[in-house]
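A quick write-up on the structure given underneath.
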Amino acid sequence: MTSNRISQVIIPAAIVGIVVLMVVPIPAPLLDLLIVVNIAAAILALLSAMFVRSALDLSIFPSFLLIATLFRLGLNIAASRLVLLDAYAGSVIESFGHFVVGGSVIVGLVIFLILIVIQFVVITNGAGRVAEVGARFTLDAMPGKQMAIDADLNAGLVDEEEARRRRKEISDEADFYGAMDGASKFVKGDAIAAIVIVMINLVGGFAVGVLQHGMSIEDALQTYSLLTVGDGLVSQIPALLISLSAGLIVTRAATEADLGTDLLAQFTQQRRTMRMAGIAVAILAIVPGIPKFPFLLVGGLIMFVGSRAGRRDASAAGDEPAEEDPASSAPDSADALTTEMRVEPLELELAYDLVDLVDTTRGGDLLDRVRALRRKLAREMGFVIPPVRTRDNLDLASGCYRVKVHGVEYGSGEAPPGHALAIGEGVESLPGRRTREPVFGLTATWVPLELRAQAELARATVIDRASVITTHLAEIVRRHAGRLLSRQDVKSLLDVVREESPVVVEDLSASGLTLGEMQRVLQALLDEGVPIRDLVRICEVLSERAQVTKDAEALTEAVRGVLGPAIAELHAPDGVLPVLSLDPLVEQELLEVVRPGESGGTNLALDPARAEALVGAIAREAQGAERLGHQPVLVCAAPLRPALRRLVTPVVPRLTVLAYGELGPQLQVETVGMVSNEQPATI
């Protein structure tokens, strides 16, 4: 039988056994064994709580708390039965009643009550309050944390698997603190039950000894009271350990080490504080009447530990090799001037006060995020975007940044130091600077970092400055990916295809299609958000179609015809594609005015007023669908698609135009609007 099968049988059987323990009498030796098991389980729980690095490492603890409480109550009932029936409940309880408290009922009761006070008033109340507050804040912060994960995913900082793991961790954390909030009530009830059980056993034992066994009052009190106190101590010591474990668990922050390591490491970092504390303790030894040796010993020990920690840190710092500053080239050298003259494909310019975002010594991780973004976009679009040259620009206003593609500014924004961007409903009520989110234009507020928790409690999505910049950068790259695909990139992509499918590249070369013509096709695909990952099939289509025409638009449409189902799937969440369609009369009229353009491609020969009315109608339908929560696509006949897209994109840039043939059979098409216009199309 495997360990999994054993655990599936043993744990339920043990819980049923606890219930049986409350009803069926057991012999004293077996009770001794179960009491030892109870104490061992409490010690194990305490040590586990001290060595975990995160509360979620013991996510089963709330259930364990309930089982341990039920087990202790079952042992109380079994012990009470033996005490009242036989005036003997095993060696463990007898030892606690005679040896631990010195055979004194009063001392035993005092110790028992002190344990109850410590457990109930101090530890349990505190742990319960921490669990309650932790559950409340964890639940309130869940939407903000989920949105932050989505922002990191969109920025390329994490992949889909890591995002799922983080979402599950957030959900598990909320479940854990909620369960601990409820489980703490078990511990409170256990402390109250212990007091009641002891009182009942004292009265019941006295009555049984005097009335049934004919014992004297003194003998009855001595015998039954000591056993009752022993039973109470045997139960309350494990209960105290379990309560302490619960307190450690709910107050444990996620770190890279266990409690003992963190405690010593963080306290020994306070070297000056430790030396001052040691001096203060040693000075107390001069107070008249105070024993000098203990104070001098403890004070000297604290000062010794503080001084040793200081030398150890200094030694560690001295062992680190000093970084050598690279010799910078002269500003007027040929290399420096050439670098300054060169127009970079992709640039990110930062104001002087945003340099901390790229300074790793100050915690800046923007460059790491940009590198992660390049990896994500490469997997998403099918080619490696050029390196992002990040530089400071003293001409930019404070807190601003700018993104350039081939020297042309395509986006700018702000990321004021000491602030975070809060997005969501009700952000206008938050203190801070009102703004618009740079990608989607959502209402937002730059809130001070010290008010971040307040913004999360207001259910706003709070995004740090680096995430804002990388998200904006990612959107600009997606919109202008075609401009970033160089001819050298196309050559590198074809070299990869040649290694995997040499025949495909040979056919492409035989078709007479030049590298520049292929580049224009791939750029056209990228400009419409179509990934070029499936380059083998793209080359196959081009090699066949290029024998007929070299027109870039015709070649692009041929590729789209093959990649159509994959293109449509990009816009179909959960397999449902929301579409806007054209009224058949409007579509037919537009097909009649499709004309070839002067520089290739096709255009719609529409009167300006008619074109404006048509685009306005499409924009209204798209906005109406978006208000209903859809991100629609516009579908039309294949000959009309390129020309209609050229007409619509400048006004509605986020609206994708698909041909009917590109709607894959695997998708469910949902019509969310129809574009109609009573005014006929005119040439």
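Counting from 1, the numbers follow the sequence of the chain as shown. Predicted model only: the values in this text are computed from it and were never measured.
By the neighbour-count criterion of 12 heavy atoms within 6.0 Å, atom CD of Glu450 is densely surrounded, having more than that number from other residues, nucleotides or ligands. Heavy-atom neighbours of Glu612 CD from other residues, nucleotides or ligands within 6.0 Å: at or below the threshold of 12.
Under a 3.5 Å cut-off, the side chain of Glu517 and the backbone N or O of Thr514 do form a donor-acceptor pair. Under the 3.5 Å distance criterion, the side-chain polar atoms of Glu587 are matched with a main-chain donor or acceptor of Ala637. At least one donor-acceptor pair closer than 3.5 Å links the side chain of His406 to the backbone N or O of Arg483. Remark: the backbone N or O of Val657 is paired with a side-chain donor or acceptor of Arg641 at under 3.5 angstrom. For Arg434 (side chain) and Gly432 (main-chain N/O), a donor-acceptor pair under 3.5 Å exists by modelled atom type. Distance alone, capped at 3.5 Å, places no donor-acceptor pair between the His472 side chain and the Thr470 backbone. Under the 3.5 Å distance criterion, the side-chain polar atoms of Ser543 are matched with a main-chain donor or acceptor of Glu540. Side-chain atoms of Asp607 come within 3.5 Å of backbone N or O of Ala609 as a donor-acceptor pair. The closest donor-acceptor contact from the side chain of Glu553 to the backbone of Thr602 lies under 3.5 Å. Checking side-chain atoms of Asp359 against main-chain N and O of Gly364 turns up no donor-acceptor pair under 3.5 Å.
The minimum heavy-atom distance between Gly601 and Asp551, with the atom names listed, is N-OD1, 3.8 Å. Of all non-hydrogen atoms in Pro639 and Val594, the two that sit nearest each other are O-CG1, 4.2 Å. When all heavy atoms of Ala420 and Leu449 are compared, the pair lying nearest together is CB-CD2, 3.9 Å. What you find for Gln666 and Pro565 is that their closest heavy atoms are NE2-O, 3.3 Å. Shortest non-hydrogen contact noted between Pro632 and Ala625 is CG-CB, 3.7 Å. The two residues Ala638 and Glu557 come nearest to each other via the heavy atoms O-OE1, 4.5 Å.
For Arg369 and Asp464, the salt-bridge test passes: some basic side-chain N is under 4.0 Å from an acidic carboxylate O. Checked for salt-bridge contact, Glu162 and Arg165 meet the test: a charged N lies under 4.0 Å from a carboxylate O. Between Glu380 and Arg478 a salt bridge is recorded (basic side-chain N to carboxylate O distance below 4.0 Å). Residues Arg645 and Asp527 are not paired through a salt bridge, judged by the lack of any N-O separation under 4.0 Å between the basic side chain and the carboxylate. A salt bridge does not link Arg391 with Glu344: none of the charged nitrogens is closer than 4.0 Å to a carboxylate oxygen.
Distance check, rounded to the nearest 0.5 Å: SG of Cys636 to CG of Leu582 gives 6.0 Å. Between the CG atom in Leu346 and the CD1 atom in Ile476 there is a gap of 8.5 Å [rounded to 0.5 Å]. The line from CZ of Arg402 to CG of Asp395 is 7.5 Å long, rounded to the nearest 0.5 Å. In this structure, OG1 in Thr360 is found 8.5 Å from CG in Leu367, a value given to the nearest 0.5 Å. Between the CZ atom in Arg479 and the OG1 atom in Thr649 there is a gap of 11.5 Å [rounded to 0.5 Å]. Distance check, rounded to the nearest 0.5 Å: CG of Leu421 to CD1 of Ile469 gives 11.0 Å.
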request  = Assess whether side chain to side chain contact (heavy atoms under 4.5 Å, CB included) is satisfied between Thr656 and Glu528, documenting all intermediate values.
outcome  = CA-CA 7 Å; Thr656 301; Glu528 294 196 53; 5.8 Å; no
query = What's the verdict on side chain to side chain contact (heavy atoms under 4.5 Å, CB included) for Leu628 and Val672, showing C-alpha distance, side-chain angles and the deciding distance?
reply = CA-CA 9 Å; Leu628 297 177; Val672 295; over 6 Å; no
task = Kindly determine whether Asp356 and Arg465 satisfy side chain to side chain contact (heavy atoms under 4.5 Å, CB included), including the steps that lead there.
result = CA-CA 11 Å; Asp356 63 298; Arg465 296 182 298 153; 2.7 Å; yes
key: Chi angles and distances behind the side chain to side chain contact (heavy atoms under 4.5 Å, CB included) call for Leu606, Leu614   = CA-CA 10 Å; Leu606 289 174; Leu614 176 64; 4.1 Å; yes
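Within the 4.5 Å cutoff, side-chain heavy atoms of Leu350 are placed close to those of Leu348. Glu475 is not listed as a side-chain neighbour of Tyr410, based on a closest heavy-atom distance of 4.5 Å or more. Counting heavy atoms from C-beta outward, Arg654 and Gln631 have side chains that approach closer than 4.5 Å. Residues Val477 and Val388 fail the side-chain proximity criterion, which asks for heavy atoms closer than 4.5 Å. At a threshold of 4.5 Å between non-hydrogen side-chain atoms, the residues Leu494 and Leu508 count as touching. By the 4.5 Å heavy-atom criterion applied to side chains, Leu570 and Pro531 are counted as neighbours. Put simply, the side chain of Glu349 does not reach to within 4.5 Å of the side chain of Cys400, judged on heavy atoms. No side-chain heavy atom of Leu522 sits less than 4.5 Å from a side-chain heavy atom of Phe383.
Leu590 pairs with exactly one of Leu640, Leu585, Leu647 by the side-chain contact (heavy atoms from CB on, under 4.5 Å) rule, that one being Leu640.
Between the side chains of Thr443 and Arg436, at least one donor N or O sits under 3.5 Å from an acceptor N or O. Counted by atom type alone, Ser492 and Asp495 present zero donor-acceptor pairs between their side chains at under 3.5 Å.
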